[in-house]
Each structure stands twice: as structure tokens, then as C-alpha cells.
Participant: 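Let me give you the structure first, and then I'll get to my questions.
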Amino acid sequence: MLRRTFIGLVAGLLLSTASFAAYPERPITLVVAFAAGGPTDVIARIVAEDMSKTLGQQIVVENTAGAGGTTATAKVAGVAADGYTLIMGQMGTHAAAPSLYASLKYNPIADFTPVGIAGITPILIVAKKDFPANNLAELIAYVKANPDKINQANAGVGSTSFTTCVLFRSIAGIPKINEVAYKGTGPALNDLVAGQVDFMCDQITNLAPQITAGNVKGMAIATPERSPALPDVPTTTEAGLPDFQISGWNAIFGPKDMPADIQTALTGALDKALSNPDVAKKLTDLGTVIPNAEQRTPTGLAATLARDMKLLEAPLKASGVAIK
Ligand code: MLT
């Protein structure tokens with residue numbers, strides 16, 4: 001009897017060691033809940049490439065856009081927690097969406113296993129290049145005077161661009177204007193460059209090259225300091241709107257109950273990627289801020305998520321934009 005128990009124990013131990021040693025034994029899908037070419041996608045692809053080398057298996061980025069990123073996020077909340085389907089969640093889909101949808105199909109805390117933050121993204125207000133305003137104060141004045149003429153782009157209800165412009169308009173006292181929802185701010189930025197829409201609030205990772213090239217006007221960055229990637233763009237404090245301070249973030253999550261050994265392997269690979277100077281340079285050249293050691297961990301991500309869910313709840317609910 002004792003002998004059988006001992007053999008059973010050893011077999012169980014060997015099996016669990018084998019499953020740890022085996023992960024990952026096939027490619028991993030990293031879902032991006034927005035169109036290709038936007039900030040979430042760009043950050044996902046940069047870190048996934050390096051993490052793939054560490055893990056010895058390809059991380060394949062899959063873009064599934066819809067409903068401000070909430071459709072794909074809900075889908076990943078329900079997949080098997082085997083480490084083969086992950087999501088590049090972000091401030092919009094995880095911290096803001098619960099305050100924007102009365103019947104959201106996922107709970108950002110209970111339905112996910114946090115892995116770590118991959119990139120922090122200062123928010124900018126950016127306008128088309130021939131917008132009749134040359135600074136933030138002029139933009140606010142023009143939008144207030146001409147609300148019917150303005151089209152503001154975003155990536156849908158639940159996205160970072162939607163959320164941050166709700167906050168911007170409320171702090172600036174801008175009334176309701178027309179909003180144009182895209183599958184991501186990648187395509188939205190294309191239309192801004194083409195002059196089809198007037199302005200948007202977006203994560204820096206999408207914007208730095210287009211602002212530098214003069215294809216769009218960077219009106220202000222919502223951080224205390226200017227970005228080294230865009231030294232000519234003033235802060236919102238310098239531009240006269242000091243209360244508008246916000247950065248987005250993009251972070252890897254698995255579905256809930258992902259085994260701890262898989263979570264550890266993924267967090268380690270993310271940390272290694274962000275410690276690689278070549279990866280860090282690709283991200284910082286685009287203005288992305290590299291998460292510190294704590295922010296790259298599950299606990300750091302969980303703390304950031306809880307903080308931002310709380311921070312965003314009151315202003316988003318007060319704005320009255322929630323969808324039933
Ligand atoms: C957002 O607004 O949440 C993002 O910019 C979406 C995207 O990555 O395209």
C-alpha cells in the first residue's frame with residue numbers, strides 16, 4: 001500500500017515537472033484586440049519577437065478588433081488557461097471598459113491571470129496638420145466654437161483613445177462632438193494624416209514618427225515632463241491644461257487560473273525582452289516608457305490595473321457615456 005502511494009507520488013511529481021519543462025511545446029497566440037499598426041499591435045510585436053526567442057516557440061500576434069477591444073478580450077477570458085492564448089490587454093480594455101459598459105462580458109481582475117506590463121504610453125492630443133489651431137488653447141477654443149464641424153477619431157468605446165478623450169473633453173469643458181470609431185488608432189491615424197478627421201487622443205507609440213515628420217500636429221503630451229522622443233511637444237501643464245495627466249499601458253494577460261509555472265515562464269520572458277537594449281530602444285524611440293522591474297511582474301500589473309480601474313470609474317461614470 002505504502003509502496004503504491006510512493007510510486008503514485010513520484011509519478012505525479014514527474015508528470016508536473018514534465019508539463020513545466022514542456023511549456024511551450026507549440027506556438028502561442030497573443031491576441032491584440034485592435035487593428036494592426038496601432039500602438040497595442042506595435043508593442044505586442046516588438047516584445048513578442050524577443051519573448052519567442054526566450055521561450056523557444058513563436059508568439060503569433062493575432063489582430064481581432066471590435067467593440068473598442070472588448071469583443072476579443074471577452075473571448076480570451078473564456079479560453080483554456082493553458083498558456084497558448086494570451087492577450088495584450090491595455091488601460092482601455094481592462095481598466096476603463098468596466099465603467100463604460102453596463103454589461104461587460106468579463107471581469108478584468110477575476111477572469112484573467114496577469115503576466116506583466118509591456119509598455120507605458122503617454123497620451124497626446126494630436127490634430128490634422130491643417131487644423132486651424134497651433135496650440136492646445138487654440139484647439140480647445142476652436143472645438144468649443146465649432147462643435148458641429150469637428151470629427152474626433154478613436155478606437156471605439158472601451159479603447160484608450162476613447163477613454164482619454166472623454167477625460168480631455170470633460171476637463172477642457174468641450175461639449176458633445178461627433179466621434180468616429182475605428183478598429184484601432186492605426187487606421188484612425190491614417191485618416192488623421194489624410195485630413196479626414198480633425199483630432200484624437202492617442203498613445204505616443206502610434207504618433208511619434210508622424211508628428212516628427214510634420215504629418216500631424218502634436219498639441220500636448222499629458223505627462224509631467226516632455227517626452228525625449230518628441231522634445232518639441234509641450235506638456236499639458238505648459239499648454240494650460242495641467243489637470244489632464246494620463247498615460248496608457250499595454251500588458252500581457254492570460255485567462256484566469258493559468259498555472260503558476262506558465263505565468264512565471266511568461267513573466268520571465270517579458271522581463272528579459274524589456275531588459276534587452278535593442279528591444280528597449282525600439283520602444284523608447286517611439287516614445288514608449290519601459291516599465292520598471294515591479295511593473296513587469298504580475299503583482300505590479302495587478303496593482304496598476306486596480307489603481308486605474310478606481311481612478312477612471314468616477315470620471316467615466318460622471319461623463320454619462322456608458323453603454324447599457
Ligand atoms: C486605443 O485607443 O486603445 C488603442 O490606440 C487601440 C490600438 O492599439 O489601435
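Both counts, for ligands and for their atoms, begin at 1 and track the order of listing.
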Participant: Considering only NZ, NE, NH1 and NH2 on the basic side and carboxylate oxygens on the acidic side, decide whether E49 and R45 come within less than 4.0 Å.
Facilitator: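 So E49 does not pair with R45 through a salt bridge.
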Participant: Would you say the side-chain atoms of T121 and T205 include a donor-acceptor pair closer than 3.5 Å?
Facilitator: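 No, no side-chain donor-acceptor pair sits under 3.5 Å.
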Participant: Does even one non-hydrogen atom of P39 get within less than 4.0 Å of ligand 1?
Facilitator: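 Within the 4.0 Å threshold, so yes.
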Participant: Using a heavy-atom cut-off of under 4.0 Å, does the side chain or the backbone of D202 touch ligand 1, or both, or neither?
Facilitator: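 Side chain only.
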Participant: Considering heavy atoms of the protein only, find what lies nearest to atom 4 (C) of ligand 1 and give residue, atom and distance to 0.1 Å.
Facilitator: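 In this structure, atom 4 (C) of ligand 1 has Q203 NE2, 3.4 Å as its nearest protein heavy atom.
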Participant: Could you pull out the closest heavy-atom pair between F199 and C165, with the gap in Å?
Facilitator: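 Nearest pair, atom of F199 first, then C165: CE1-SG, 3.9 Å.
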Participant: With the threshold set at 4.0 Å, does a side-chain nitrogen-carboxylate oxygen contact exist between D111 and K105?
Facilitator: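 So D111 does not pair with K105 through a salt bridge.
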Participant: Please identify which atoms of ligand 1 are closer than 4.0 Å to at least one heavy atom of G184.
Facilitator: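 Contacts of ligand 1 toward G184, numbered from 1: 9 (O).
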Participant: Picking from I120, N250, T164, what satisfies side-chain contact (heavy atoms from CB on, under 4.5 Å) with M91?
Facilitator: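 Testing each of I120, N250, T164 against M91, the sole residue satisfying side-chain contact (heavy atoms from CB on, under 4.5 Å) is T164.
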Participant: Does any part of the side chain of T85, heavy atoms only, come nearer than 4.5 Å to the side chain of P255, both counted from C-beta?
Facilitator: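 Contact flag for P255/T85 side chains = no.
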Participant: Tell me which protein heavy atom sits closest to atom 9 (O) of ligand 1, plus the residue, atom name and distance to 0.1 Å.
Facilitator: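 For atom 9 (O) of ligand 1, the nearest protein heavy atom comes out as T185 N, 2.8 Å.
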Participant: Identify the protein heavy atom lying closest to atom 8 (O) of ligand 1, giving its residue, its atom name and the separation to 0.1 Å.
Facilitator: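 For atom 8 (O) of ligand 1, the nearest protein heavy atom is T40 OG1, 2.6 Å.
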Participant: Quick one: nearest non-hydrogen protein atom to atom 2 (O) of ligand 1, plus distance?
Facilitator: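 Answer for atom 2 (O) of ligand 1: S161 OG, 2.5 Å.
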Participant: Do D41 and ligand 1 have an N or O pair less than 3.5 Å apart?
Facilitator: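 In this structure, D41 places no N or O atom under 3.5 Å from an N or O of ligand 1.
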Participant: What are the atoms of ligand 1, with element, lying closer than 4.0 Å to any heavy atom of S159?
Facilitator: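 Under 4.0 Å from S159, ligand 1 has these atoms: 1 (C), 2 (O), 3 (O).
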Participant: Between R169 and E179, does any side-chain N to carboxylate O distance fall below 4.0 Å?
Facilitator: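 Yes, this pair counts.
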